[in-house]
Amino acid sequence: MKKTLKMNEYPLTSLVTLALVALGWVLSLRVGKARKNFADALEAPEKFHSLELYSDPDFMVVFRNHQNLLEHLILVFPALWIFALSISDGIAFILGFTYFIGRVWWARNYLRNYSHRPAFILCFFSLLALLVGAVGGTIYRLISV
């Protein structure tokens with residue numbers, strides 16, 4: 001029996017997923033740089049991993065920016081993929097890419113006096129559309145079986 005290699009049926013959703021993962025990686029590098037700036041391991045190694053680090057407001061802005069993305073990706077990834085599977089790879093890509101643009105905008109403005117409200121709104125409505133579409137597509141598939 002000959003096995004055939006099946007190509008990725010969801011290349012656009014895969015692309016936006018990888019873009020969001022890359023954004024998470026870039027923000028994690030920022031956290032590492034902020035940690036180094038606060039407590040250079042060569043000068044004060046005891047501060048590098050101390051709780052004192054979390055009292056620094058500049059570090060916390062960078063840290064929360066990264067953590068906030070990770071907290072939201074737990075919701076975004078399942079909604080994105082269920083939407084792609086039950087409705088459309090292309091529409092999932094558009095909504096996911098809109099979310100990605102919002103998160104980049106958010107990450108850039110989070111460090112500037114927390115002026116990320118428009119980015120939050122863009123991300124919120126993109127995620128809401130993904131969630132509603134994922135639920136609707138799933139229910140439709142269940143009913144039409």
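Please read all numbers here as calculations on a predicted model, not as lab measurements.
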(message) Could you measure the distance from the OG1 atom of Thr138 to the CZ atom of Phe83? Nearest 0.5 Å is fine.
(response) 10.5 Å

(message) As a test of understanding, state which of Tyr99, Phe124, Phe120 forms a ring pair (Phe, Tyr, Trp, His ring centres under 6.0 Å) with Trp106.
(response) Phe120

(message) According to a hydrophobic-cluster definition based on side-chain heavy atoms being under 4.5 Å apart (Ile, Leu, Val, Met, Phe, Trp, Tyr only), do Leu69 and Leu15 belong together?
(response) yes

(message) Show, in sequence, the C-alpha distance, side-chain angles and deciding distance for Trp105 and Leu122, and conclude whether the side-chain contact (heavy atoms from CB on, under 4.5 Å) test is met.
(response) CA-CA 9 Å; Trp105 186 5; Leu122 183 62; 4.2 Å; yes

(request) Inspect the surroundings of CZ in Arg108 and state if more than 12 heavy atoms from other residues, nucleotides or ligands are less than 6.0 Å away. (result) no

(request) Report yes or no: do Leu75 and Leu85 belong to one cluster of Ile/Leu/Val/Met/Phe/Trp/Tyr joined by side chain heavy-atom distances under 4.5 Å? (result) yes

(message) Show the nearest heavy-atom pair for residues Ala79 and Ala134, with the distance to one decimal.
(response) O-CB, 3.8 Å

(request) State, to 0.1 Å, how close Phe100 and Ala19 come at their nearest heavy-atom pair, and which atoms those are. (result) CE1-O, 3.3 Å

(request) State the OG-CG distance between Ser126 and Leu95, to the nearest 0.5 angstrom. (result) 6.0 Å

(request) Specify the closest pair of heavy atoms between Gly102 and Ala119, including all atoms of both residues, with the distance to one decimal. (result) O-CB, 3.4 Å

(message) One pair to check against side-chain contact (heavy atoms from CB on, under 4.5 Å): Arg30 and Arg35. What are the steps and the verdict?
(response) CA-CA 9 Å; Arg30 280 187 181 177; Arg35 182 182 299 273; over 6 Å; no

(request) Provide the closest heavy-atom pair for Thr13 versus Ala92 in the form atom of the first, atom of the second, distance. (result) OG1-CB, 3.7 Å

(request) Kindly compute the distance separating NE2 (His72) from CD1 (Ile74), expressed to the nearest 0.5 Å. (result) 10.0 Å

(request) Check Leu27 against Ala107 and note the closest heavy-atom contact, atom names and distance. (result) CD2-CB, 3.9 Å

(request) Report yes if the side chains of Tyr10 and Trp81 come closer than 4.5 Å at any heavy-atom pair, otherwise no. (result) yes

(message) Please say yes or no: joined through hydrophobic side-chain contacts below 4.5 Å, possibly via intermediate residues, are Ile121 and Tyr110 part of one cluster?
(response) yes

(message) Would you say Asn68 and Arg103 are linked by a side-chain donor-acceptor pair, where the criterion is simply a distance under 3.5 Å?
(response) yes

(request) Determine, using the 4.5 Å side-chain heavy-atom cutoff (strictly less than), whether Ile91 and Phe97 are members of one ILVMFWY cluster. (result) yes

(request) Look up atom OG in Ser28 and atom NZ in Lys33, then write down how far apart they are to the nearest 0.5 Å. (result) 13.5 Å

(message) Between Val104 and Leu127, is there shared hydrophobic-cluster membership here, with clusters defined by ILVMFWY side-chain heavy atoms closer than 4.5 Å?
(response) yes

(message) Distance check, rounded to the nearest 0.5 Å: Arg141 atom CZ versus Ile82 atom CD1?
(response) 12.5 Å

(message) Are Phe77 and Val21 packed together at the side-chain level, in the sense that at least one heavy-atom pair is separated by less than 4.5 angstrom?
(response) yes

(request) Measure from the side-chain N and O atoms of Asp89 to the backbone N and O of Leu12, and report whether any donor-acceptor pair falls under 3.5 Å. (result) yes

(request) Would you give the length of the straight line joining atom OG of Ser86 to atom CD1 of Ile139, rounded to the nearest 0.5 angstrom? (result) 10.0 Å

(request) Of all the heavy-atom pairs spanning Leu80 and Gly96, show the shortest one and how long it is. (result) CD1-CA, 4.0 Å

